[in-house]
Peer 1: 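Structure provided below as structure tokens; questions to follow.
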Amino acid sequence: MSNKSQFSLMAERRFGPFFWTQFLGAFNDNVFKTALLTILTYEAMSWTAIDPALLNNLIPGLFILPFVLFSATAGQLADKFDKGRVARSVKLLEIVIMLVAAGGWMTHNLFLLIAAIIGMGLHSTLFGPVKYAYLPQHLKTSELVGGNGLVESGTFVGILLGEVLGAVLVVHKPWGVELVAFGTVAIALAGWLCSRAIPVSPAPVPGLVVNWNPLSETVRNFKFTRQNRAVFLSVLGNSWFWFYGAIILAQFPVFAKTYLHGDHTVFVLLLTIFSLGIGAGSLLCERLSGGKIEIGLVPFGSIGLSVFGIDLFLASTAYTSTVSVDLVGFIAQPGSLRILFDCLMIGLFGGLYIVPLFALIQTRCDPRYLSRTIAGMNIMNALFMVVAALLAMVLLKAGFTIPQLFLVTAVLNGLVATYIFSVVPEFLIRFMAWLLIHTIHRVQLIDVDRIPHHGAAVLVCNHVSYVDAIVIMAASPRPIRFVMDHQIFRIPVLSWMFRNAKAIPIAPAKEDAALMEQAYLDIARALDDGDLVCIFPEGKLTVNGDMNTFRGGIMKILERSPVPVIPMALRGLWGSLLSRGDGNPFGRSFQRGPWSRLALAVGQPLSPSEVTPESLQDRVLGLRGNVK
């Protein structure tokens, strides 16, 4: 993905037909659902006597009910059968559901329409495990962030266009209802035609015996997912995003009508801005992550969700106009642009938050259980969205205003994020590392794909500054166990990061022989577990930019654990922030200026038999070149 745009995937059969199939499904869901919500909000009297505010929270809840009931079965089917075959079957089901909905539209039968809402929820339930388990079967690891970004962006653009078209068509006189009724059937047919071009996607577990008991299978899914802590908390974080989004989006129709005094075009504008933000954030992930799975973007996204959620509350309470307006009139009102900007930024940071979580789940989950893990995630998503709908209804009944709901949601987001990042500090550590190399430093990565995505290896690098480990950590596609001088390990603030990154402190034998022996034991255990271990063989920071002599510790490591060794070199850190001057730790730290450009070059892997301290030093010197 680093050599070509993520958009080039759209022209390939392994991605294009699948993309358009899922896009049209999301599009159709929202044409139908938004048309129904719009007609019930603005013309409720001719359809039902039920309170529109209640329906706006009830109907999304009914849509996600099948996720709770049938996701466990859907995950098993996606693991047992070819995913292209499953997709085509689901698309045929969509056609039938839309024919039922057309009957409801034409007869003004709310019960038929609600049945179709539940049916489309079932359609999405069955397609969900296919949607995310398909990608790692057909995309390289380096393409997953870009592919997920396109899928998420496409999903929300489909949602946006569906919401706009649904809201506009249904109020069109005199044929609005008819246009929605037959238009949704036509979209379902188009989705089925696209699904016919999805390539063969072999079932990972064709001999799987399907457990048709959704309760016991759901419990089994959760038990399996909990075994991998990072995956489980990523699932939890993903579900929280849908809780957050469900509350925000469900309020938009009444918020636009009652608080902003707008017609349905103002509602459409809010949806448009929010969805464009999600699409932009999803596509931006690939660029900000450099084509690798960068979970450091997750805390960044979470911070933005809280900051702009709080500001949406403040902007909403500051909006005092009581004039009834259309889209153009609303934009002309004082304070309207601030509300729109908040909606855009909530969407953008939501995209930054959700895409890396999907990629992490796809790469760290056992492929044989990926569809069932996704199914378990969909169940959790559904439960979170049901709770979101119930919470919104309870708070509204208790007298909370919709702006106050925005505030409550933003504050809850901050609390949930604090919990997740405290339990799995890898997210926060990667965020700090990502922040460092995108603010103070600009890092060029050279052949970083030589760092293995799987299996044990020892990374060997020159030692230039106090932040070497952070720069390497940010460039790596997976976690690294760093071996570092015990004195650097104890530096305030950095010590918290190194400890939570499971760094291994080491000391010279003459200072602390026991600590040195313990370090070698910890290194051997880490390599036996298949981890990456990074060492700085100089044993200390350079004081003049030149490399110190490599020590023999690497040979002791390879004696116990004969694994590949990968030489690396940092260029451009000497003389920059946090490099070390002779006699003064920070004497030359700003020589290059506060925002310096540096590079990390990765060499060819070496077999254990090729390695000596001298040969490694020559390799690292060659990678470093003349740049200190």
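Note that the coordinates shown come from a computational prediction; the quantities given were computed from them, not determined experimentally. When reading the values below, keep in mind they use all heavy atoms of this one structure, side chains included, and skip hydrogens, waters and symmetry mates.
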Peer 1: Can you give me the closest heavy-atom contact between Ala72 and Ile379, atom names plus distance?
Peer 2: N-CD1, 3.8 Å

Peer 1: Assess the residue pair Lys131 and Thr155 against the criterion (side-chain hydrogen bond (donor to acceptor under 3.5 Å, both in side chains)); give the C-alpha distance rounded to whole Å, side-chain angles, the decisive distance to 0.1 Å, and a yes or no.
Peer 2: CA-CA 11 Å; Lys131 178 177 178 179; Thr155 297; 3.0 Å; yes

Peer 1: Using the test side chain to side chain contact (heavy atoms under 4.5 Å, CB included), find all partners of Thr612 that sit at least two apart in sequence or belong to another chain.
Peer 2: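 For Thr612, the residues satisfying side chain to side chain contact (heavy atoms under 4.5 Å, CB included) (neighbours in sequence not counted) are Glu614, Ser615.
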
Peer 1: How would you list all residue pairs meeting salt bridge (Lys or Arg N to Asp or Glu O under 4.0 Å) that involve residues 449-467, not counting sequence neighbours?
Peer 2: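 Listed once each, the pairs are Asp447-Arg450.
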
Peer 1: I'd like to know if the side chain of Ser306 and the backbone of Gly414 have a donor-acceptor N/O pair within less than 3.5 Å.
Peer 2: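 Yes, Ser306 side chain to Gly414 backbone: donor-acceptor pair under 3.5 Å.
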
Peer 1: Which pairs would a plain distance check flag for residues 504-512, meaning a side-chain donor or acceptor within less than 3.5 Å of a matching protein atom at least two apart in sequence or in another chain?
Peer 2:
{"from": "Glu511", "atom 1": "OE1", "to": "His486", "atom 2": "NE2", "distance (Å)": "2.9"}
{"from": "Asp512", "atom 1": "OD1", "to": "Ala514", "atom 2": "N", "distance (Å)": "3.4"}
{"from": "Asp512", "atom 1": "OD1", "to": "Leu515", "atom 2": "N", "distance (Å)": "3.0"}

Peer 1: Counting only heavy atoms not in Arg368, do more than 12 fall under 6.0 Å of its CZ?
Peer 2: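 For Arg368, atom CZ is not crowded (no more than 12 foreign heavy atoms under 6.0 Å).
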
Peer 1: Taking salt bridge (charged side-chain N to carboxylate O under 4.0 Å, His left out) as the test, write out the residues that go with Glu217, two or more places apart.
Peer 2: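 With sequence neighbours excluded, Glu217 shows a salt bridge (charged side-chain N to carboxylate O under 4.0 Å, His left out) to Arg220, given in chain and number order.
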
Peer 1: Could you tell me if the side chain of Met377 sits less than 4.5 Å from the side chain of Ile374, heavy atoms only?
Peer 2: yes

Peer 1: Could you check Val620 against Phe550 for side-chain contact (heavy atoms from CB on, under 4.5 Å), going step by step and ending with a plain yes or no?
Peer 2: CA-CA 10 Å; Val620 174; Phe550 277 22; 4.0 Å; yes

Peer 1: Aromatic rings Phe349 and Phe300: how do their planes relate, parallel, tilted or perpendicular, breaks at 30° and 60°?
Peer 2: perpendicular

Peer 1: Under 4.5 Å between any side-chain heavy atoms of Ile278 and Leu348, yes or no?
Peer 2: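 Ile278 does not reach Leu348 side chain to side chain.
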
Peer 1: Under 4.0 Å between a Lys/Arg side-chain N and an Asp/Glu carboxylate O for Arg525 and Asp522?
Peer 2: yes

Peer 1: Just so I know, are the side chains of Val416 and Tyr244 near enough to count as touching, which here means a heavy-atom distance under 4.5 Å?
Peer 2: no

Peer 1: Might you confirm whether atom CZ of Arg481 has over 12 heavy atoms from other residues, nucleotides or ligands at distances under 6.0 Å?
Peer 2: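 Buried by this count: over 12 neighbours within 6.0 Å.
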
Peer 1: To check you understand the geometry: which heavy-atom pair defines the closest contact between Val209 and Gln76, and what is its length?
Peer 2: O-OE1, 4.0 Å

Peer 1: For Glu152 and Asn148, does a side-chain donor sit closer than 3.5 Å to a side-chain acceptor?
Peer 2: no

Peer 1: Return the set of residues passing ring-ring contact (aromatic ring centres under 6.0 Å, His included) with Phe358 (not counting sequence neighbours), or none when no residue passes.
Peer 2: Tyr132

Peer 1: Give the intermediate values and the outcome of side-chain hydrogen bond (donor to acceptor under 3.5 Å, both in side chains) for residues Asp79 and Ser371.
Peer 2: CA-CA 6 Å; Asp79 275 338; Ser371 293; 3.1 Å; yes

Peer 1: Would you say CZ of Arg226 has more than 12 non-hydrogen atoms from neighbouring residues, nucleotides or ligands within 6.0 angstrom?
Peer 2: no

Peer 1: Can you classify the ring geometry of Tyr134 versus His138 as parallel (below 30°), tilted (30 to 60°) or perpendicular (above 60°)?
Peer 2: parallel

Peer 1: Pairs of donor and acceptor atoms involving the side chains of residues 530-538, under 3.5 Å and at least two apart or interchain, shall be tabulated with distances.
Peer 2:
{"from": "Glu538", "atom 1": "OE1", "to": "Asn548", "atom 2": "N", "distance (Å)": "2.7"}
{"from": "Glu538", "atom 1": "OE2", "to": "His463", "atom 2": "N", "distance (Å)": "2.5"}

Peer 1: Any side-chain heavy-atom pair from Phe241 and Leu357 closer than 4.5 angstrom?
Peer 2: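 No, their side chains stay 4.5 Å or more apart.
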
Peer 1: Are Ile523 and Leu521 side-chain neighbours, meaning at least one heavy-atom pair lies under 4.5 Å?
Peer 2: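 The answer is no, as the side chains (C-beta and beyond) never meet within the 4.5 Å cut-off.
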
Peer 1: Regarding Ser201 and Asp82, do their side chains bring together a donor and an acceptor under 3.5 Å, going by distance alone?
Peer 2: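 No, no side-chain donor-acceptor contact under 3.5 Å.
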
Peer 1: Go through Lys556 and Glu517 one step at a time and tell me if the salt bridge (charged side-chain N to carboxylate O under 4.0 Å, His left out) criterion holds.
Peer 2: CA-CA 11 Å; Lys556 293 182 181 179; Glu517 182 57 27; over 6 Å; no

Peer 1: Under the side-chain contact (heavy atoms from CB on, under 4.5 Å) criterion, do Phe19 and Leu9 qualify, and how do the steps go?
Peer 2: CA-CA 10 Å; Phe19 173 87; Leu9 290 172; over 6 Å; no

